[in-house]
**Student:** 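Quick one: the structure is below, and I'll ask about it shortly.
As the structure is a computational prediction, the values presented were derived from the model and not from experiment.
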Amino acid sequence: MMADELSEKAVHDVHTKEIDLVNRDPKHLNDDVVKIDFEDVIAEPEGTHSFDGIWKASFTTFTVTKYWFYRLLSAIFGIPMALIWGIYFAILSFLHIWAVVPCIRSYLIEIQCISRVYSICIHTFCDPLFEAIGRVFSSIRATVRKEI
């Protein structure tokens, strides 16, 4: 009775767990991909500088546009993309659990049977042949002479 309650609670907790609104990439999936700042995209080499005001306005425009456009795209496409990815990974999990693993297990069982038959054939037909060939060639003696 107690085990049923614990497993029910575990299933319930997985679907209702709290998410971290501060650290939204706890597994660092996007560390190298999307951390693009103004300095990573636009740079003026020494000797070719624009006006300071233009440079500051460009920085602000880039940063604010990137921030708000990302939010806009997330607001429009975030939930539909989450739905699509949820369906995709559900299908992937389903296929893995109900098709891939059983096929692999079936293959391993069948190949084990074939392996035994193959092993019997090898031991029955090849072992005597190779033993006989070994005995024929075992009587050959080779000597090496060094003549000066």
**Student:** Is it the case that one hydrophobic cluster holds both Phe59 and Ile36, taking links as side-chain heavy atoms less than 4.5 Å apart, direct or via other members?
**Tutor:** yes

**Student:** I'd like to know if the side chain of Arg24 and the backbone of Leu21 have a donor-acceptor N/O pair within less than 3.5 Å.
**Tutor:** yes

**Student:** When you group the ILVMFWY residues by side-chain heavy-atom contacts below 4.5 Å and let the links chain together, are Tyr70 and Phe62 in the same group?
**Tutor:** no

**Student:** Can you see which heavy atom on Thr124 is nearest to which on Ile120, and at what distance?
**Tutor:** OG1-O, 2.6 Å

**Student:** Assigning hydrophobic clusters by single linkage (Ile, Leu, Val, Met, Phe, Trp, Tyr; side-chain heavy-atom cutoff under 4.5 Å), is Phe77 placed with Ile84?
**Tutor:** yes

**Student:** Under 3.5 Å, is there a donor-acceptor pair between the side chain of Thr60 and the main chain of Ala57?
**Tutor:** no

**Student:** Would you find a donor on one side and an acceptor on the other, under 3.5 Å apart, between the side chain of Ser139 and the backbone of Val136?
**Tutor:** yes

**Student:** Could you list who else is in Val144's hydrophobic cluster, with ILVMFWY side chains joined at under 4.5 Å, directly or through other members?
**Tutor:** none

**Student:** Side-chain heavy atoms under 4.5 Å apart, restricted to Ile/Leu/Val/Met/Phe/Trp/Tyr: what other residues fall into the cluster of Val22, or is it alone?
**Tutor:** none

**Student:** Output side-chain donor-acceptor pairs under 3.5 Å for residues 92-119, partner residues at least two apart or in another chain, one line each.
**Tutor:**
from   : atom 1 : to     : atom 2 : distance (Å)
Ser93  : OG     : Phe89  : O      : 2.9
Ser106 : OG     : Glu110 : OE2    : 3.1

**Student:** Assigning hydrophobic clusters by single linkage (Ile, Leu, Val, Met, Phe, Trp, Tyr; side-chain heavy-atom cutoff under 4.5 Å), is Tyr88 placed with Met81?
**Tutor:** yes

**Student:** I need the minimum non-hydrogen distance between Glu44 and His49, along with the two atoms involved.
**Tutor:** OE1-CA, 3.3 Å

**Student:** Would you say Asp127 has more than 12 foreign heavy atoms packed within less than 6.0 Å of its CG?
**Tutor:** yes

**Student:** Around atom NZ of Lys66, are there more than 12 heavy atoms of other residues, nucleotides or ligands at under 6.0 Å?
**Tutor:** yes

**Student:** Does Asp37 reach the main-chain N or O of Asp40 with its side chain, forming a donor-acceptor pair under 3.5 Å?
**Tutor:** no

**Student:** Between Phe38 and Phe51, is there a shared hydrophobic cluster once you connect ILVMFWY residues whose side-chain heavy atoms come closer than 4.5 Å?
**Tutor:** no

**Student:** In Å, rounded to the nearest 0.5 Å, how long is the span from CZ of Phe69 to OG of Ser74?
**Tutor:** 10.5 Å

**Student:** If you count every heavy atom of other residues, nucleotides or ligands that lies below 6.0 Å from Ile133 atom CD1, does the total exceed 12?
**Tutor:** yes

